[in-house]
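Have a look at the structure below, then the notes.
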Amino acid sequence: GSTLTKLQSLTLDTEGAFTLGTIDLADASTVTVSGTNAKSAATFAKLGNTAQTYNLSLTATGLKAGLTTGAIDAGTAAVTVDVSGVTGDVTLSTIDGDSGVTLNAKNLKGDLTNAASAITTAAGAISVDASATEGAVTLGALTSTGAKGDVTVNAAGSLGGVTTGVITGH
């Protein structure tokens, strides 16, 4: 069968529902996905892997019918997730980047769910921008265990409310 595990860069514009099912993008470094149609949606299995040594970036825009991901893991590097341009709901599984995690959901039109899943970093900071979101933002535990382990959450002007799990940082 086909495998996409070695794919590092993916740019996708979908007018319907795009799904990779159970296919992991284990070597992903840059994933950009967009779609302007009311049926535009994207579903990804796992992005990255625990042994990864380079940054991982996920950027999504449009996607009125939503974005769903499995675990996002940049190993010893950093993760940046930008869903600020998404017009539908976003569901993210665990996000882990030992050098830091940035989640930009500013102006997100739909709901953002990270629920029981967690956002973690071993050596970096966690930064979440949920300002001016229109839907509800529900995040799991935000855990930074490193010496540079600041955890910041900006929820200014959020209309749907922002809820987090336990926040652990320095």
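We're numbering straight along the sequence, starting at 1. These numbers come from the heavy atoms of this one structure, side chains and all, not from hydrogens, waters or symmetry mates. Treat the numbers as computed from the prediction; the structure is a model and nothing was measured.
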Begin with the C-alpha distance, continue with both residues' side-chain angles, and end with the deciding distance and a verdict on side-chain contact (heavy atoms from CB on, under 4.5 Å) for Val83 and Asn104.
CA-CA 6 Å; Val83 293; Asn104 181 10; over 6 Å; no

Report, as yes or no, whether the 6.0 Å neighbourhood of atom NZ on Lys106 holds more than 12 heavy atoms from other residues, nucleotides or ligands.
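No, the 6.0 Å shell around NZ holds no more than 12 heavy atoms from other groups.
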
Restricting to non-hydrogen atoms, name the atom on [X] and the atom on [Y] that form the minimum distance, rounded to 0.1 Å.
X	Y	value
Leu67	Ala60	CD2-CB, 3.8 Å
Ala71	Ser93	N-CB, 3.5 Å
Ala45	Asp24	CB-OD1, 3.3 Å
Ala78	Asn55	N-OD1, 2.9 Å
Ser144	Gly149	OG-CA, 2.7 Å
Ala130	Val162	CB-CG2, 4.1 Å

Judged by atom type as modelled, is there a donor-acceptor pair below 3.5 Å linking the side chain of [X] to the main-chain atoms of [Y]?
X	Y	answer
Ser40	Thr14	yes
Thr87	Gly62	yes
Asn49	Ala26	yes
Thr121	Gly100	yes
Asp27	Ser29	no

Passes side-chain contact (heavy atoms from CB on, under 4.5 Å), Thr30 versus Thr11? Steps please.
CA-CA 8 Å; Thr30 305; Thr11 301; over 6 Å; no

Heavy-atom distance under 4.5 Å between the side chains of Leu25 and Leu20, does that happen here?
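With C-beta onward as the side chain, the pair touches.
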
Just wondering, do Phe18 and Leu12 contact through their side chains at under 4.5 Å, heavy atoms?
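Yes, close enough: below the 4.5 Å cut-off.
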
side-chain contact (heavy atoms from CB on, under 4.5 Å) partner of Leu103, the single match among Asn114, Leu112, Val90, Ile72:
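Running side-chain contact (heavy atoms from CB on, under 4.5 Å) over Asn114, Leu112, Val90, Ile72 with Leu103 returns exactly one hit, Leu112.
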
Do you know which of Val137, Leu139, Thr138, Ile119 makes side-chain contact (heavy atoms from CB on, under 4.5 Å) with Thr164?
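Answer after filtering Val137, Leu139, Thr138, Ile119: Leu139.
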
For a side-chain contact (heavy atoms from CB on, under 4.5 Å) check, start with the C-alpha distance between Leu56 and Thr80, then their side-chain angles and the critical distance, and finish with the verdict.
CA-CA 6 Å; Leu56 193 158; Thr80 300; over 6 Å; no

Out of curiosity, [X] [atom1] to [Y] [atom2], how far, rounded to the nearest 0.5 Å?
X	Y	atom1	atom2	result
Gln52	Thr76	CD	OG1	8.5 Å
Ile23	Lys46	CD1	NZ	15.5 Å
Leu159	Lys109	CG	NZ	9.5 Å
Thr143	Ile126	OG1	CD1	6.0 Å
Asp89	Asp111	CG	CG	4.5 Å
Ser34	Leu63	OG	CG	7.0 Å

Holding to salt bridge (Lys or Arg N to Asp or Glu O under 4.0 Å), I want the full list of residues that pass it with Glu15, two or more places apart in sequence or in another chain.
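Once residues adjacent in sequence are excluded, Glu15 has no partner under the salt bridge (Lys or Arg N to Asp or Glu O under 4.0 Å) criterion.
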
Test item: side-chain donor near acceptor, Thr133 and Ser158, under 3.5 Å:
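A donor-acceptor contact under 3.5 Å links the two side chains.
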
Side chains of Asp96 and Thr120: is there a donor and an acceptor less than 3.5 Å apart?
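Distance-only check passes for Asp96 and Thr120.
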
Evaluation steps, side-chain contact (heavy atoms from CB on, under 4.5 Å), between Phe44 and Val31
CA-CA 10 Å; Phe44 294 97; Val31 177; 4.0 Å; yes

Is it the case that one hydrophobic cluster holds both Tyr54 and Val81, taking links as side-chain heavy atoms less than 4.5 Å apart, direct or via other members?
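No, Tyr54 and Val81 fall in different hydrophobic clusters.
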
